[in-house]
Amino acid sequence: MGVYHADALVIRSREYGESDRLLTLFSREYGKIQAIAKGVRKPKSRQRAGAQLFTYAEYLIHKGKTLDTINQVSSKESFPHLWADLDMSMAATAMAELLDVATIPGQPHPELFTLIFSSLFLVETCDPALVQSAYTLKLMTQLGYRPRFMECAECGQKIQGERHLFSPESGGVVCRTCQAQAGTPIIGRWVSGGSLGLMRQLLQGDLEKINRLRWNEWMKKEILDTLQFFCEQTLDKRLKSWSMGSRLVNVGQNPSGKDDPNHERNVVDRTGEN
């Protein structure tokens, strides 16, 4: 296949050489694609718009030995609302980064293309962080990492109580009995029952209906931090844009709304609560 067409979304764009950009595209037909957009950093380049982050376009791509080259671009959607609002931009960037980190080139995932494409529109009418959370749970589920929130991931018993240990390695919440019987400490993160309940709804519900759900600022931070921990531990890769967003949203705030100087995002809880 010397030349091929791909309807794709730009999920990463970075400088390459003096005037080029290396694009990471995600298409319905081919999955993730890496290709060079030559000369697009020049002011008069006709393909400049097609190299911008979150652009959805039809690309004519030449297959190369190491990297493909974009020969022609026909833009279809640029999602202008993402650039007009910081919360929307942060959520979109986090979703694109997770998609990039979680997939490898050349493996089609049409369901993931539909998921991110729909989510980029949805952040305009719904809480962007809520969309980001639902997107994350659905993406991880599509990739085979569906977390267990309602029953213990170790023994299958129904979870009860107001605070629970969530362990990515175990695949979900671990009950107190299994924690006590574990030969080695279970690495996880303590999560409130309310946050677990909302994550269950986000996982099981329709993406288009999440605007019916409500959360407070503490739950928002707890859920985003828990999902970042879940993804990073499961995929064994750091999510840089998520860390930046976490520092901007209610950093160091406890349930009472007061600043907690002892709070640290990267602390890993073990079997004992802090």
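Below, all heavy atoms of this structure are taken into account, side chains as well, without hydrogens, waters or symmetry copies.
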Using a 3.5 Å distance criterion without hydrogens, assess whether the side chain of [X] forms a donor-acceptor pair with backbone atoms of [Y].
X      : Y      : result
Glu232 : Leu239 : yes
Tyr135 : Met95  : yes
Arg146 : Leu143 : no
Ser13  : Leu23  : no
Asp20  : Gly39  : yes
Gln179 : Val174 : yes
Arg41  : Glu18  : yes
Trp242 : Ala94  : yes

Mind checking what makes side-chain hydrogen bond (donor to acceptor under 3.5 Å, both in side chains) contact with [X], not counting sequence neighbours?
X      : answer
Ser195 : Ser192, Glu222
Glu111 : His109
Gln132 : none

Testing the basics here: between [X] and [Y], what is the closest heavy-atom pair and its distance to 0.1 Å?
X      : Y      : value
Arg214 : Leu198 : O-CD2, 4.2 Å
Cys178 : Ile186 : O-CD1, 4.1 Å
Trp215 : Ser133 : CH2-OG, 3.8 Å
Met88  : Glu124 : CE-CA, 3.8 Å
Gly50  : Tyr59  : O-OH, 2.7 Å
Lys240 : Glu97  : N-OE2, 2.8 Å

With the side chain counted from C-beta on, respond yes when [X] and [Y] share a heavy-atom pair under 4.5 Å apart, and no when they do not.
X      : Y      : answer
Cys231 : Leu98  : yes
Trp83  : Leu53  : yes
Gln201 : Leu213 : yes

Heavy atoms from other residues, nucleotides or ligands near NZ of Lys76 exceed 12 (cutoff 6.0 Å): yes

Count the heavy atoms of every other residue, nucleotide or ligand shown that sit under 6.0 Å from OH of Tyr145, and state whether that count exceeds 12. no

Once you measure the plane-to-plane angle for Phe166 and Phe230, does it fall in the parallel (<30°), tilted (30-60°) or perpendicular (>60°) bin? perpendicular

What pairs of donor and acceptor atoms, side-chain ones from residues 147-158 against any protein atom, are under 3.5 angstrom apart with sequence neighbours left out?
residue : atom : partner : partner atom : Å
Arg148  : NE   : Glu151  : OE2          : 3.0
Glu154  : OE2  : Ser170  : OG           : 2.7

Can you tell me if Ser78 and Gln52 form a side-chain donor-acceptor pair at under 3.5 Å? no

Under the salt bridge (charged side-chain N to carboxylate O under 4.0 Å, His left out) test, residues paired with [X] that sit two or more places apart:
X      : result
Arg28  : none
Asp206 : Lys209
Glu169 : none
Lys138 : none

Hey, could you give me each pair passing ring pair (Phe, Tyr, Trp, His ring centres under 6.0 Å) that has a residue in residues 32-51? Not counting sequence neighbours. none

Partners passing side chain to side chain contact (heavy atoms under 4.5 Å, CB included) against Asp100 (at least two apart in sequence or in another chain): Ile11, Arg12, Thr24, Lys32

My understanding is that a hydrophobic cluster links ILVMFWY residues whose side chain heavy atoms are under 4.5 Å apart, including indirect links. Using that, what else belongs to the cluster containing Ile104? none

Co-members of Ile36 in a cluster of I, L, V, M, F, W and Y side chains, linked at under 4.5 Å: Tyr16, Leu22, Leu67

Is Val40 reachable from Leu25 through a run of hydrophobic residues whose side-chain heavy atoms are each under 4.5 Å from the next? no

Go through Phe117 and Phe54 one step at a time and tell me if the ring pair (Phe, Tyr, Trp, His ring centres under 6.0 Å) criterion holds. CA-CA 9 Å; Phe117 194 73; Phe54 309 131; over 10 Å; no

